[in-house]
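Below is one structure; the comments refer to it alone.
The figures that follow rest on heavy atoms only: side chains count, while hydrogens, waters and symmetry mates do not. Naming: A, B, ... by sequence-line order, numbering from 1 per chain.
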Amino acid sequence: MTAEPTLAEICVVACAEAWRGDGAVLASPAGLIPALAARLAQRTFEPGLLVTDGEAGLLAPAGDGSVTEGWLPYRQVFTSVASGRRHMMMGAAQLDRYGNQNISCIGAWARPKAQLLGVRGAPGNTVNHPVSYWVPRHSRRVFVPRVDLVSGVGYDRAAAAGARYHGLRIVVSNLAVLDFGTPDHAMRLRSVHPGVAVDDVVAATGFELAVPAQVPVTRLPTAQELALLRTVLDPDGLRDRELG
Amino acid sequence: MTAEVLTPDQVAASLDSGMTIGIGGWGSRRKPMALVRAILRSPLTDLTLVSYGGPDVGLLVAAAKVRKVICGFVSLDSIPLEPHFRQARQAGSIELTELDEGMFHWGLLAAAHRLPFLPMRAGLGSDVLAINPELRTVRSPYRDAEEFVAVPALRLDAALIHMNRADARGNGQYLGPDPYFDDLFCLAAAGRRFMSCERIVPTDQLLAEGPPQSLLINRSMTDAVVQAPHGAHFTSCAPDYDRDEAFQAQYASAAADPESWAQFRGRYLDVDEAGYQRAVAQFGRDLAAASR
């Protein structure tokens with residue numbers, strides 16, 4: 001008898017869905033749940049994905065372990081970015097309704113209240129290849145009307161800049177899955193996780209969210225997905241710790 | 001050109017205050033830390049650092065050696081935020097040029113190629129252009145007429161890198177998984193290109209541990225070599241050693257308050273390189289004893 005899926009497991013599978021249909025592209029995750037998601041997608045419905053070992057190796061599944069199938073040092077990661085053969089799932093300290101993302105700092109950049117990661121690769125990623133986001137704590141502090149510093153580029157900024165290869169896919173949070181499937185690419189509620197009400201998501205979002213008349217429930221992990229997660233990919237259950 | 005063999009303190013004495021210094025490695029990986037520690041002991045000041053930053057930037061900032069940092073990030077990898085860099089930013093005590101990581105690569109490549117800039121898409125639409133008002137865009141002269149960011153060359157006065165092996169003539173070898181951008185740092189520097197290494201070996205032994213393509217650095221790219229065993233500590237220098245996570249955690253927690261930082265400094269930094277390595281060895285023994 002399989003135990004019920006946990007919220008972390010539902011989130012891993014929702015994140016994995018970001019890469020469905022991508023084929024042979026580099027799946028780059030930031031954070032544990034996106035990393036498990038990329039490896040789960042590679043082992044199930046999206047076997048073409050390329051996944052790194054966190055250093056310069058590309059790993060292919062082999063039984064319950066993996067083998068190195070390629071080499072991708074940072075200089076080639078940047079070439080992969082520019083070539084467009086990559087889909088990254090990044091984190092976000094702040095995210096607005098068009099998908100502008102901030103990971104750099106909180107407050108004025110000249111002397112921030114809180115120095116965060118810096119822009120890292122977000123500006124280049126978002127104008128070169130598909131990007132999705134993972135937000136472990138859905139709140140009005142993250143989903144804001146206006147981000148303090150645009151690191152990752154949203155749809156409105158991309159259109160104004162003529163960024164021809166820009167494209168955001170989905171945002172997965174601990175409450176819901178969101179996308180940008182509206183006429184003006186404003187953020188839309190795609191599904192709510194089991195037990196979460198649409199109003200909970202709306203209340204935890206600091207801007208007007210597009211909410212369709214019917215909002216489905218995020219799909220549950222299959223028995224195969226749960227078995228892979230629990231016995232092969234994350235036997236120590238680290239996934240539950242990323243959700244505060 | 002044939003390189004000189006120097007000590008870390010001789011390297012520091014070869015640099016000048018006010019210089020723009022590029023530092024190889026990435027985050028907390030294969031950083032020329034013995035050379036950085038020598039700068040900490042020197043009277044150098046007012047430096048501009050160009051780095052995929054890690055504890056190299058943090059230590060030099062904490063020692064008030066730095067006027068300006070040019071970077072894609074400053075991180076300890078397993079600890080996402082470099083504590084000294086964060087404090088300096090929040091105190092407003094350093095200047096910063098914050099670039100996208102790929103823009104930083106492009107700036108080094110432009111300098112290495114003696115070009116004033118290279119075009120790229122990274123930066124378009126983002127606030128990188130707002131926080132770096134000196135950045136310009138450039139339009140393709142071809143039929144597409146697309147607009148790009150013109151990433152300016154990151155020209156360096158000096159470069160510091162750390163390799164696994166080198167010979168005394170200035171050829172260098174990496175044996176780990178990633179070359180990072182150490183060749184570009186050397187090529188982007190006008191001179192004073194210093195390469196430390198774990199071990200200096202005879203030239204005819206350079207292929208004993210790795211294939212020809214591991215010889216990232218040739219002697220046209222370096223001016224001096226330093227033998228600095230454990231010279232990247234506490235950053236990783238695979239396969240010779242991994243990052244010293246326990247030591248790095250101690251470094252990061254010591255940075256949290258002035259008193260514990262003064263203790264850290266007294267024990268590890270106000271000593272010469274041999275004294276540092278002895279204190280690190282003692283730290284390792286204490287840790288092993290505590291876990292028994």
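Summarising the geometry of B:D182 relative to A:R75, their closest heavy-atom pair is N-NH2, 4.5 Å, with the distance given to 0.1 Å. The two residues A:V153 and B:L124 make their nearest non-hydrogen contact at CG2-O, 3.5 Å. The two residues B:L81 and A:L116 have their closest heavy-atom pair at CD2-O, 3.1 Å.
Counting only heavy atoms from C-beta outward, the side chains of B:D178 and A:E55 never approach each other to under 4.5 Å.
Proximity to chain A is limited to the side chain of B:F85, based on heavy atoms less than 4.5 angstrom apart. B:Q90 touches chain A through backbone and side chain together, each having a heavy atom under 4.5 Å away. Interface remark: B:W106 contributes no atoms to any contact with chain A (heavy atom separation under 4.5 Å). With a threshold of 4.5 angstrom between heavy atoms, B:E146 approaches chain A through side-chain atoms but not through N, CA, C or O. With a 4.5 angstrom heavy-atom cutoff, B:I131 touches chain A via backbone and side-chain atoms both.
Ranking A:G118, A:A56, A:A160, A:G121 against chain B, the residue ahead of the rest is A:G121, based on heavy-atom pairs under 4.5 Å. Residue with the most contacts toward chain B among A:R111, A:R120, A:R157, A:H166: A:R120 (heavy-atom pairs, distance under 4.5 Å). Counting heavy-atom pairs under 4.5 Å between each of A:A114, A:G162, A:C105 and chain B puts A:A114 at the top. With chain B as the partner, the residue from A:L117, A:L72, A:N102, A:V81 showing the most heavy-atom pairs under 4.5 Å is A:L117. Highest contact tally toward chain A, considering only B:A238, B:C71, B:A91, is held by B:A91 [criterion: heavy-atom pairs under 4.5 Å]. Per-residue heavy-atom pair counts under 4.5 Å with chain B were compared for A:P73, A:G57, A:A161, A:A82, and the maximum is reached by A:P73.
In this model, no donor atom of one side chain and acceptor atom of the other lie less than 3.5 Å apart for B:R86 and A:Q115.
In terms of modelled atom types and a separation under 3.5 Å, the side chain of B:D100 and the main chain of A:G124 share a donor-acceptor contact.
Between A:F78 and B:F181, the distance separating the two ring centers is shorter than 6.0 angstrom.
B:D144 and A:R164 are not joined by a salt bridge, as no carboxylate oxygen comes within less than 4.0 angstrom of a charged side-chain nitrogen.
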| said: Could you go through B:L96 and A:W109, starting from their C-alpha distance and side-chain angles, then the distance that decides it, and tell me whether this counts as side chain to side chain contact (heavy atoms under 4.5 Å, CB included)? | reply: CA-CA 10 Å; B:L96 176 65; A:W109 177 85; 3.8 Å; yes

